[in-house]
2 protein chains.
Amino acid sequence: MKKMNMKELAKELNVSIATVSKALRDSHEISGLTKKKILEMASKLNYTTNPYAGSLRNKKSKTIAVILPEVADSFFSLAINGIQSVAEKKGYHVLIYLSHEKYSNEKSIVGECNSGRVDGVLISISSETTNPDHILKLQKENIPIVFFDRNFEGLNISSVVTNDFESGYLSALHLIKNGCQNPVFLSISSSLGICNKRAEGFRSALIEKKTGRIKNPVIICSGTYQEINSQIKKLLTGKIRPDGIIASVDRLAMSVYLICRETGISIPNELKVAVFSTMETAPILNPPLTTITQPAFEIGRIATELLFKKIEKKAFSVVDENIILPSFLIERTSTAAS
Amino acid sequence: MKKMNMKELAKELNVSIATVSKALRDSHEISGLTKKKILEMASKLNYTTNPYAGSLRNKKSKTIAVILPEVADSFFSLAINGIQSVAEKKGYHVLIYLSHEKYSNEKSIVGECNSGRVDGVLISISSETTNPDHILKLQKENIPIVFFDRNFEGLNISSVVTNDFESGYLSALHLIKNGCQNPVFLSISSSLGICNKRAEGFRSALIEKKTGRIKNPVIICSGTYQEINSQIKKLLTGKIRPDGIIASVDRLAMSVYLICRETGISIPNELKVAVFSTMETAPILNPPLTTITQPAFEIGRIATELLFKKIEKKAFSVVDENIILPSFLIERTSTAAS
DNA sequence: CTGAAAGCGCTAACAG
DNA sequence: CTGTTAGCGCTTTCAG
């Protein structure tokens, strides 16, 4: 069965192609009767309008790009749901691109976004990204952009993030209150604003409470799975061991749990653990894991709404907004007082 | 900064637009020198070719659609990684659509796929889907399709799945061997082939081993989160309680764990639990959860390779292949012998 | 080796 | 209310 086009449809009905076009877009210029006839024939002949021909004319792709470091992370999965929920409502299509936390990947993906393929871009930057030029270039091309969760600081681009400093601060206080003398913060990047803010909040609490004997309580965990595991293992079995950990992502907390099992370190007695995460399994881990839970779906949803505001009012150059949604500390056994 | 097009680029260089086009696609018709000049000017002026104009001419979108029930599931997250890995290599773009396990959503998404927007479709059907007409229609339009994980039986369409019957069978044997007298299988759908096969395998083992006093050991769990929870709770606290559970997806096992915590049912002493899942947290749950783990990344990867085989050789009408990859039973404490 | 010209399928002036 | 027509940006014969 060959794909039929508008011209053929028009011929079939003995009307002009323009009439068909207008009827299909429900123009008021077309009489109810012809409209009806056209619609019927279209569905009978299984006609579907070619989206790319329209894109070419209208310079609108009805498509947005979502660029994220990883999908196999509970936060991003939920965020995608939020994004999709509004894109769908707007009749938009969603292209997903993964940077795998590599700056080079992110750069080339972003580079592709100014081709007209997409009407807007949602991005959560990779942990390696320290140079925002690729993003600024996109902005200069006048493509609407919104950061979600992981933004690049100081760029005058809309973003939706959580109260990172405060969450870091409160999570540290929580550990300290429950008896930690030597908490550390496991970060995944020294450049990621979101991590740094959380780490700063964390640090502030230690200073304020005069807690911690470890010179630098913010530890960057990077490298492969293996490397990170051995790095954490060294940390937990070294001479100066922390008695509390705030992990910045799912994976790091899992590592810590695994290593504690393996080495027999008892959580929360010897080590208290909390994580920035939306993991659904947190309450059924051994022991149940304290989380600082971000409103992932909402972050995705609101970021997308912001994006559409820019896409739809592109002419008037909508002002950029930076929205901060609160995360919630959910206390569980992993940080219980000793 | 306005987006520049090929015509402008050509003018800038005092060559014809045809020459530019050819140079950019590295045609042998163009001399090395002009090619070089054109490439340089293109990158200097930040020219990017408009993908939709090309799509219109070539009737190729360089885009595939992935239709899946849900992203917030470890299996699908990993599968997306596999899909993306090969799409990227081929220079293809990936559109993601979520059916949210609703047939109506799936149907309208699939309906959109014959518009020329995509060159091929990867799909894992919703748990509600019992009628394959929407998919057959797509096939008739000559759009390459490949099922991954959840296929529709008997359609003569390529698919990549796991050894479902066998896994169901082996998981039941495992429970029985470790002492279960009354195991049940928690399914999410009575129509999903994949669930039914697993359930059939499960049933076969019970019959073969003459085990189980519950009339129908295959239980369909459906409805909202809440409804499923209360359904499971009723099951676990009723008069005829199972002493073993095989859950067909992440979520059901989590429910079981949560309810056991709440009601004080001890795993594995009073109830043994295993799940079809790729959950990374399985080993650190309380207790560590036995899983039947699917090769999710591989399923995604191979399904996509199959898809490209069809996309690339569309003319010769590649024969459909049904590939079966094995899942692995990973025994953990949740099913330990009493 | 380079260029002119005919569309891909659709939309939107503009005429009638 | 309906039709004619000129492109959107690019690729690809076909001539030169």
Side-chain angles (χ1 to χ4, degrees), chain A residues 2-39 41-42 45-63 91 112-119 141-142 314, chain B residues 2-39 41-42 45-63 91 112 114-119 141-142:
Chain A
K2 223 207 80 212
K3 193 105 207 53
M4 92 156 350
N5 62 25
M6 206 177 242
K7 204 154 113 195
E8 287 163 31
L9 218 200
K11 188 148 33 138
E12 202 72 41
L13 286 152
N14 285 313
V15 294
S16 81
I17 175 174
T19 306
V20 174
S21 175
K22 285 174 192 155
L24 291 176
R25 17 199 62 253
D26 200 26
S27 158
H28 54 264
E29 292 184 51
I30 305 296
S31 80
L33 184 62
T34 20
K35 239 184 229 175
K36 185 155 158 280
K37 269 197 268 186
I38 290 174
L39 264 331
M41 184 59 83
L45 297 185
N46 232 312
Y47 169 79
T48 47
T49 171
N50 180 316
Y52 298 138
S55 293
L56 195 55
R57 274 280 340 201
N58 304 326
K59 282 133 172 338
K60 272 245 160 258
S61 64
K62 286 279 190 180
T63 305
E112 286 243 330
C113 288
N114 74 341
S115 62
R117 189 183 295 277
V118 298
D119 296 343
E141 304 271 3
N142 220 13
K314 212 166 163 183
Chain B
K2 224 207 80 215
K3 193 105 208 52
M4 91 157 351
N5 62 24
M6 206 177 242
K7 203 154 113 195
E8 287 163 31
L9 219 201
K11 189 149 33 140
E12 202 71 41
L13 286 152
N14 283 314
V15 294
S16 81
I17 176 175
T19 306
V20 174
S21 174
K22 286 173 191 158
L24 291 176
R25 17 199 62 252
D26 200 26
S27 158
H28 53 264
E29 292 184 53
I30 305 296
S31 81
L33 183 64
T34 19
K35 239 183 227 174
K36 185 155 158 279
K37 269 197 268 187
I38 290 174
L39 265 330
M41 184 59 84
L45 296 187
N46 233 313
Y47 169 80
T48 47
T49 171
N50 179 316
Y52 297 138
S55 294
L56 195 55
R57 275 279 335 203
N58 304 326
K59 283 133 173 334
K60 272 244 159 258
S61 63
K62 286 280 190 179
T63 305
E112 287 243 332
N114 73 341
S115 62
R117 188 183 293 278
V118 297
D119 296 343
E141 304 271 3
N142 220 13

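Numbered from 1 within each chain, the chains take letters A, B, ... in sequence-line order.
Formation of a donor-acceptor pair under 3.5 Å by the Ser61(A) side chain with backbone atoms of Arg117(A) is found in this model.
Here the closest non-hydrogen pair linking Ala42(B) and Leu9(B) is CB-CD1, 3.9 Å.
Of all nucleotides listed (dC1(D), dA12(C), dG9(D)), dA12(C) comes nearest to the side chain of Arg57(A). Which of dC1(D), dC10(D), dC10(C) sits closest to the side chain of Ser31(A) comes down to dC1(D). Here the side chain of Tyr47(A) is nearest to one of dG9(C), dT11(C), dC10(C), namely dC10(C).
The interatomic distance linking Arg117(A) (CZ) with dC8(D) (P) rounds to 21 Å, in whole Å. Distance, Lys62(A) NZ to dC10(C) P: 17 Å, rounded to whole Å. We find that CD of Glu8(B) is positioned 10 Å from P of dC8(D), with the value rounded to whole Å.
The salt bridge (Lys or Arg N to Asp or Glu O under 4.0 Å) test applied to Lys36(B) returns Glu40(B), not counting sequence neighbours. Applying the salt bridge (Lys or Arg N to Asp or Glu O under 4.0 Å) test to Glu12(A) and every residue at least two apart in sequence or in another chain returns nothing.
Within the nucleic acid shown, Thr49(A) comes within 4.0 Å of sugar-phosphate atoms alone, with no base atom in reach, counting heavy atoms only. Backbone-only engagement by Thr34(B) is indicated by non-hydrogen atom pairs under 4.0 Å involving sugar-phosphate atoms exclusively.
Listed in residue order, the members of residues 13-21 of chain B having a heavy atom less than 4.0 Å from DNA chain C are Val15(B), Ser16(B), Ala18(B), Thr19(B).
One can find a donor-acceptor pair under 3.5 Å joining the base of dG3(C) and the side-chain atoms of Lys22(B).
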